[in-house]
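Below is one structure, written out as structure tokens, with a few remarks after it.
Only heavy atoms go into these numbers, but all of them, side chains included; no hydrogens, no water, no symmetry mates. The structure displayed is predicted, hence computed values, not measured ones.
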Amino acid sequence: MLFYRIMNANALRDGRVNALYSTPSIYTDAKYATNEAWPLKTDDYFPYADRINAYWTGYFTSRPALKGYVRTMSGYYLFPIHKQQAARQLEFLKGRSKARPNTDYLADALALAQHHDAVSGTSKQHVANDYAKRLSIGYEEAAKVVETSLASITRSSSKTDSGKKCLLLNISYCPSSEVDLSNGKNLVVVVYNPLGWKREDIIRIPARSEMNSTVMYSFISTVHWLLSLLLLSYKPFVCSPILGCLVIDGNVIVKDHRGNEIESQLVPLLNASLAIRNYYSMAYLGKFPSVTPKYWLAFSASAPPLGLNTYFISSGKQKAIAAPSKNQVVYSSKEKQKDVIEVGPGDLKLVFSAKQRKLIGYINSRTKVKETVRQSYSFYTGATDIKQASGAYIFRPNGTNSLKPDHQALTVLRGPILDEVHQRINSWIYQITRVYKGKEHAEFEFIVGPIPISDGIGKEVVTKILTHMKTSKTFYTDSSGRDFLERVYSKLSKRLEPGSESACCRKLLPCMINLGMYVKDDDKELSVLVDRSVGGASIKDGELELMLHRRLLHDDGRGVAEALNETVCVQNKCSGLTIVGKYYLRIDPLGEAAKWRRSFGQEIYSPFLLAFTQQEGDRWTNSHVSSFSGMDPSYVLPDNVAMITLQELDNGQVLLRLAHLYEVGEDKDLSVMASVQLKKVFAHKKINKVTEMSLSANQGRVEMEKKRLVWKVKGSPEEVPKVVRGGPVDPVALVVELAPMEIRTFFIDFN
């Protein structure tokens, strides 16, 4: 209407109208030309609504499987600004090939997935399928790059020796690791670290029962175990002096690249994971797995920055699990057993109640942190109002329903490397909680789905973490994985439109979470990190809430024109989509949590890349490089710096981006100027020239600075924050300085 009024007004003057297609640059220049002073906006834009009871907060979680797939592919490949890389690093280390295969197709698929109706989960189902298909095709080609790059780095002349990957480890499916070692062969695991720091982590891979593992049992427990493998809902046997326990005497040896034996552990692969494995293998691959592994093999692995180490797994006499009497215990609320169960092989202990069948406490003996922690599941009923339903864009709940754990026992698996607690929440929610030796966070793996809709009710599933912390209804969420923004619930709730009748909408005002969120009081900080983008909020003091999955039956009227009802079909029979995901929890003394959020956040973005092959005797060991670092072996990046782009371009130049991970004042030791020595980062090459570019690398920084607009700001000059930046790069010393939250981009020419 405004456009037509302008046209009519000009037509009355001389009959001529000048219309042009504008661009962001033209618009910005026009605003700058007004010579006005502009206010600084520092508060929150969310929640956004286009009318009463129409808050655009549902898409923060919509299509969580696609969100997780995009995150996984981003870490495997690279998406600039807040992701690390693996495939493009290896492509650079080997030398980029102008001919295919290369990483370009995956780059294009990831770029397409950043569309506002792609990763947001607001496309039609067939379009979402197309996004996933493109990512899958891109991965297959990038995997060939990784394979040839690893072969080049390890000096392998055979394609079969260069290593196979396992994209479906999230459903416990990895044919490359599920090999029979009873014939004397060794499984070779190549572990690549895409981070700029030396790193140690626990690797878990499926392992076949043929690993010379002896199982001792009583007759009754055997029958119960076999039945549990056949039932869709896991019903574990009771471990007691009368029935006996399942004991696995696993004869597995794991050695590092120096030939040293390292500690390992076999963890039973229970039926909840096997059911997912079998169903989704058929759905995605069109066939059931040819073998059924009985265990996860867990061991600690390390790798140098931008480098790899190799591990060798064989059958032998070394036991790979804890003492038999402590291996697996099932705690039933009906039996006379102690109620309090402490879980964790290291400093961190999680406390569970056997009677209540849930988490009740958190204890860290190193930091002296002790806190009451309770975790639960519930779901919001999706509104079906014809005026405004809950859908792909809109979160509009119509009631809350708590979910209490089924009357099944807690199953606790203990070992020297990790402890697991298995909980059946109901017929469609299963949870595995892990605590690792040497780690001070808890890992929560959730299996949610298929969400039932036979009652005609759409459901939006959340998990809640409750403590006694006094947090003043204030919480903090990340902005694109970078700085954390303060969210005050009382301010957010005031943004609701006058006349909004939805009490539930006032109850949950989720914000987008890409990396994590946290709350704090006078003594502690409670942090939660996620493996994909989700919606989250803190509605009450000391409480965090994450939305994990949504299945709805009505369209919300924002253009999708179909309900958010994702299904998976096998042999012409369809059921709701099941989500397997993780989030991580840690409580620290006040002021000490940022380092974990930042460092472990990078590990979530960029997990170890694993490749598998086999060897007979010492053939692979004698003919391959088993350890490699892409940087100077004596050098690592500073703890507050991440390498977020390392890419060889078609013209032979290398695109490098370095990012400071910390905000000003976020950490007393790490929120400081950092320095990176490029000569040591590229120790295997000779740098000829370094040119600093704009963030998007489309123009030189010097050129960009000349065109930078200086805006007038309302208020006194003292109110305008002073921005600190790193200095120019000396062409001889080649040291890059980074100030807190700074990202710097370079083109590097090598001789």
Notebook entry, point to check: For the side chain of Asp541 and the backbone of Ser472, is there at least one donor-acceptor N/O pair under 3.5 Å apart?
Noted result: yes
Is the backbone N or O of Pro64 less than 3.5 Å from a side-chain atom of Arg550, with the two atoms forming a donor-acceptor pair by type? no
Margin query: Checking the side chain of Glu663 only, and the main-chain atoms of Ser671 only, is there a donor and an acceptor separated by less than 3.5 Å?
Written below: no
- Task: With side-chain contact (heavy atoms from CB on, under 4.5 Å) as the test, would you mind laying out the steps for Lys358 and Ser376 before giving the verdict?
- Result: CA-CA 8 Å; Lys358 64 182 182 181; Ser376 63; over 6 Å; no
Hits for side-chain hydrogen bond (donor to acceptor under 3.5 Å, both in side chains) against Thr310, two or more places apart or cross-chain, chain-then-number order -> none
Minimal heavy-atom distance between Val343 and Val412, with the atoms involved, is CG2-CG1, 4.2 Å
Nearest heavy-atom approach of Leu515 to Arg598 is CD2-NH1, 4.4 Å
Across all chains, not counting sequence neighbours, the ring pair (Phe, Tyr, Trp, His ring centres under 6.0 Å) partners of Tyr662 are none
Q) Looking only at atom types and distance, does a side-chain atom of Ser479 sit under 3.5 Å from a main-chain N or O of Phe484, one as donor and one as acceptor? A) no
Exercise for the section: Go through the steps for Tyr192 and Leu306 under the test side-chain contact (heavy atoms from CB on, under 4.5 Å), then give the verdict. Expected result: CA-CA 7 Å; Tyr192 178 75; Leu306 272 68; 4.2 Å; yes
Item checked: Heavy-atom donor-acceptor pair, His549 side chain to Leu577 backbone, under 3.5 Å -> yes
(Q) Can you tell whether the side chains of Glu178 and Arg277 come within less than 4.0 Å, N to carboxylate O? (A) yes
Phe600 meets the ring pair (Phe, Tyr, Trp, His ring centres under 6.0 Å) criterion, sequence neighbours left out, with His441, Tyr584, Trp596
Taken to the nearest 0.5 Å, the spacing of Ser627 OG from Asp256 CG works out to 9.5 Å
Here the gap from Thr400 atom OG1 to Phe379 atom CZ, rounded to the nearest 0.5 Å, amounts to 9.5 Å
Nearest heavy-atom contact between Tyr377 and Val461 is CD2-CG1, 4.5 Å
When rounded to the nearest 0.5 Å, the distance separating OG1 of Thr372 from CG of Leu359 is 10.0 Å
Let's go through Arg532 and Ile579 carefully: what are the C-alpha distance in whole Å and the side-chain angles of both, what is the deciding distance for side-chain contact (heavy atoms from CB on, under 4.5 Å) to 0.1 Å, and is it a yes or a no? CA-CA 12 Å; Arg532 69 198 70 195; Ile579 294 299; 3.9 Å; yes
| query | Heavy-atom distance under 4.5 Å between the side chains of Val373 and Ile465, does that happen here? | reply | yes
**OP:** Ignoring hydrogens and angles, tell me if any N or O in the side chain of Tyr362 forms a donor-acceptor pair with the backbone of Ile587 under 3.5 Å.
**Re:** yes
For Ser353, the side-chain hydrogen bond (donor to acceptor under 3.5 Å, both in side chains) test, sequence neighbours excluded, returns Asp339
Minimal heavy-atom distance between Ile262 and Ser300, with the atoms involved, is CD1-O, 3.5 Å
- prompt: With a 4.5 Å heavy-atom cut-off, do Val519 and Thr474 have their side chains touching?
  reply: no
Kindly check if the number of other-residue, nucleotide or ligand heavy atoms within 6.0 Å of NZ (Lys595) is above 12?
no
* To do: Report yes or no: does Ser264 contribute a side-chain atom to a donor-acceptor pair with the main-chain N or O of Phe299 at less than 3.5 Å?
  => no
For Lys349, is the NZ atom crowded, meaning more than 12 foreign heavy atoms sit under 6.0 Å from it? yes
- Query: Is there a donor-acceptor contact under 3.5 Å from the side chain of Thr61 to the main chain of Leu548?
  - Reply: no
On a heavy-atom basis, the closest approach of Ser533 and Asn514 is OG-OD1, 2.7 Å
Discussion item. Between Phe444 and Thr463, is there a side-chain heavy-atom distance shorter than 4.5 Å?
Written reply: no
Looking only at heavy atoms, the pair that brings Pro450 and Trp428 closest together is O-CB, 3.4 Å
request  = Could you check if a side-chain atom of Arg199 sits within less than 4.5 angstrom of a side-chain atom of Pro194, using non-hydrogen atoms only?
outcome  = yes
TODO: Answer yes or no: is there a side-chain heavy-atom contact under 4.5 Å between Ser273 and Ile432?
DONE: yes
Subject >> Under 3.5 Å: donor-acceptor pair, side chain of Asp531, backbone of Gly581 >> reply: no
- Query: Does some side-chain heavy atom of Ser172 sit less than 4.5 Å from a side-chain heavy atom of Trp296?
  - Reply: yes
Taken to the nearest 0.5 Å, the spacing of Leu269 CG from Tyr295 OH works out to 10.5 Å
Q.
Working note: Met517 + Arg487, criterion side-chain contact (heavy atoms from CB on, under 4.5 Å); need CA distance, chi angles, decisive distance, verdict.
A. CA-CA 10 Å; Met517 64 187 300; Arg487 318 280 191 180; over 6 Å; no
- Query: Do the side chains of Ser538 and Tyr518 get nearer than 4.5 Å, heavy atoms only?
  - Reply: no
**Prompt:** Does Val254 reach the side chain of Phe312, with side-chain heavy atoms less than 4.5 Å apart?
**Reply:** no
Hits for side-chain hydrogen bond (donor to acceptor under 3.5 Å, both in side chains) against Arg204, two or more places apart or cross-chain, chain-then-number order -> none
The reported gap from CD1 in Ile425 to CD in Gln423 (rounded to nearest 0.5 angstrom) is 4.5 Å
Hits for side-chain hydrogen bond (donor to acceptor under 3.5 Å, both in side chains) against Arg586, two or more places apart or cross-chain, chain-then-number order -> Asp588
Using atom types as modelled and distance alone, determine if a side-chain donor or acceptor of Trp197 lies under 3.5 Å from a backbone N or O of Val641.
yes
So CD1 of Ile417 and NZ of Lys439: to nearest 0.5 Å the spacing works out to 12.0 Å
